[in-house]
Q: 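Submitted below is the structure of interest, expressed as structure tokens.
Atoms within each ligand, like the ligands themselves, are counted from 1 in listed order.
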Amino acid sequence: MRPLLVAGRGAWLSGAGDALGRLAAATGAVTATTALARGIFPDAAFDLGVAGGFGQESAMRLVHDADVAVVFGASLNQFTMRFGGLFAKDTQVVQVDVGAGPTHAAVTRFVAGDARLAASGIADRLAAIDAAPGGWRESIDVAPLRAREAGDGIAADGRLDPRSVAARLAELLPHDRVVVSDGGHFIGWANTHWPVAAPDRMLMVGTAFQSIGLGLPSVPGAAAARPDATIVLTTGDGGGLMALADLESAVRAAGGRGIAVVWNDAAYGAEVHLYGLQGYAEAPMRIPEADFAGLAAAVGAEGVVVRELPDLDRVAEWADEPVASRRFLLLDCRISGTVIAPYQHEIIAVNAR
Ligand SMILES: Cc1ncc(C[n+]2csc(CCOP(=O)(O)OP(=O)(O)O)c2C)c(N)n1
């Protein structure tokens, strides 16, 4: 057997993390999550990361190798399912959910139930019969499958490679963070490169509402909900400009425990990749490069223009300073628009069908 467990936000809401960890150990299953459940499995050693376009290609090949997949609290939307290509044709897909029935044609069996109760119930029964795990996951070196693209540092156009920025920030961002994400092409970088301590520490407001411009205004809410956490906003220049009035609110609310990462590609990048490629005029999709560092300084934050990777070292110094004496830190990352995230390539390919 090559068992796989997939958990989604429903599993997190039902408090299924520990039960799913027990079930994974009892069955010897490798694990994967949806974007909204990253960090739910207690044992990261056998976790492949996100199922779907935010997952690494090598990890997704292993998902495809699974002969049985049990899905807890995940709706299996088109992005999780890689537009139909996530599982092999003959994979047994069991969906456990409190919903009325299966939510994807790939589901071969539906079990109505709460994720936590179902997972712990199955784990209890396996323990009662002394079932031994098959050993599939121990035969695989999972960590290299999750390896993230490190990028080229500087892209051919002389601007930063966003993969390299994301990889370096993964090393620098405080671990007590809550990440707030606006919407746009850039959403891939946080999702592929920045680990999440628990699912409720990654808030994808832009994706939830399918609207850009909600990142900056969500910072005060995150700061109020998590008074001890570092609040890290990830936003594009398009969404950032749209919400500019809320820059001051964000800076004031999060103060010295706030960071904003602005993926400044001087464009509505998602539009360029999805529609520019189809031949539509790109000029309206371009944005004159805005000086976000300057805008931040105007409302009392510290703005840093990031043109080279060493410019990010300021984050390490900032993290060592007392919260009371430092200011909200905005990283105005001048990235190249030429690096297209793998998840966006998936969408481009579907649009071309
Ligand atoms: C209110 C609103 N307007 C337009 C869109 C369509 N839209 C989706 S992504 C995007 C581009 C966002 O640009 P930016 O914030 O710079 O991020 P990037 O795509 O460049 O990473 C647009 C315009 C939307 N989702 N919501």
Q: Does any donor atom in the side chain of Thr234 or Trp263 lie under 3.5 Å from an acceptor atom in the other side chain?
A: yes
Q: Determine whether Phe46 and Val50 fall in the same hydrophobic cluster, where Ile, Leu, Val, Met, Phe, Trp and Tyr are linked whenever their side-chain heavy atoms lie under 4.5 Å apart.
A: no
Q: I'd like to know if Val272 and Tyr343 are part of one continuous hydrophobic network [Ile/Leu/Val/Met/Phe/Trp/Tyr, side-chain heavy atoms within less than 4.5 Å].
A: yes
Q: Please write out which residues are connected to Val299 in a hydrophobic cluster, directly or through intermediates, given that two of Ile, Leu, Val, Met, Phe, Trp, Tyr count as joined at side-chain heavy-atom separations below 4.5 angstrom.
A: Val178, Val180, Leu203, Val205, Phe209, Ile212, Leu214, Leu216, Val219, Ile231, Leu233, Leu241, Met242, Leu244, Leu247, Val251, Val262, Tyr268, Ile287, Phe292, Leu295, Phe328, Leu330
Q: Just to confirm my output: which protein heavy-atom neighbour is closest to atom 21 (O) of ligand 1, and how far is it?
A: Phe186 N, 3.0 Å
Q: In terms of hydrophobic clustering (I, L, V, M, F, W, Y; side-chain heavy atoms under 4.5 Å; direct or indirect links), are Val70 and Val30 co-clustered?
A: no
Q: State if Met242 counts as touching ligand 1 under the rule of any non-hydrogen atom under 4.0 Å.
A: yes
Q: Tell me, which protein residue and heavy-atom name are nearest atom 13 (O) of ligand 1, and how many Å apart are they?
A: Tyr268 CA, 3.4 Å
Q: Output the list of atoms in ligand 1 that are nearer than 4.0 Å to some heavy atom of Gly238, sorted by atom number.
A: 14 (P), 15 (O), 16 (O)
Q: Report yes or no: does a heavy atom of Gly213 sit under 4.0 Å from some atom of ligand 1?
A: no
Q: Has ligand 1 got any nitrogen or oxygen that is less than 3.5 angstrom from a nitrogen or oxygen of Gly240?
A: no
Q: Between Ala267 and ligand 1, does any nitrogen or oxygen pair lie at a separation below 3.5 Å?
A: yes
Q: Run the side-chain contact (heavy atoms from CB on, under 4.5 Å) test on Arg82 and Val63 for me, step by step, so that the C-alpha distance in whole Å, both residues' side-chain angles and the decisive distance to 0.1 Å come before the verdict.
A: CA-CA 11 Å; Arg82 303 187 86 193; Val63 167; over 6 Å; no
Q: Could you tell me the residue and atom name of the protein heavy atom closest to atom 2 (C) of ligand 1, and the distance to it rounded to 0.1 Å?
A: Ile212 CG1, 3.7 Å
Q: Looking at Arg9, I want to see if its CZ is surrounded by more than 12 non-hydrogen atoms of other residues, nucleotides or ligands under 6.0 Å.
A: no
Q: For Trp318 and Gly258, which heavy atoms make the closest approach, and how far apart are they?
A: CZ2-O, 3.5 Å
Q: Which atoms of ligand 1 have any heavy atom of Gly239 under 4.0 Å away?
A: 14 (P), 15 (O)
Q: Give me the nearest non-hydrogen protein atom to atom 20 (O) of ligand 1 as residue plus atom name, then the distance to 0.1 Å.
A: Gly269 N, 2.6 Å
Q: Of the options Val111, Asp114, Ile122, Leu5, which is the one that meets Val96 in a side chain to side chain contact (heavy atoms under 4.5 Å, CB included)?
A: Val111
Q: Starting from atom 25 (N) of ligand 1, locate the nearest protein heavy atom and write down its residue, its atom name and how far away it is, to 0.1 Å.
A: Gln210 O, 3.3 Å
Q: Would you say the side-chain atoms of Arg137 pair up with the backbone N or O of Ala29, donor to acceptor, closer than 3.5 Å?
A: yes
Q: Specify the protein heavy atom at minimum distance from atom 6 (C) of ligand 1: its residue, its atom name, and the distance to 0.1 Å.
A: Glu271 OE2, 3.3 Å
Q: Any idea which atoms of ligand 1 are less than 4.0 Å away from a heavy-atom of Gly236?
A: 14 (P), 15 (O), 16 (O), 17 (O)
Q: Looking only at protein heavy atoms, which one is nearest to atom 9 (S) of ligand 1, and how far off is it?
A: Ala270 CB, 3.6 Å
Q: Using a 3.5 Å cut-off on N or O atoms only, is Asp265 in polar contact with ligand 1?
A: yes
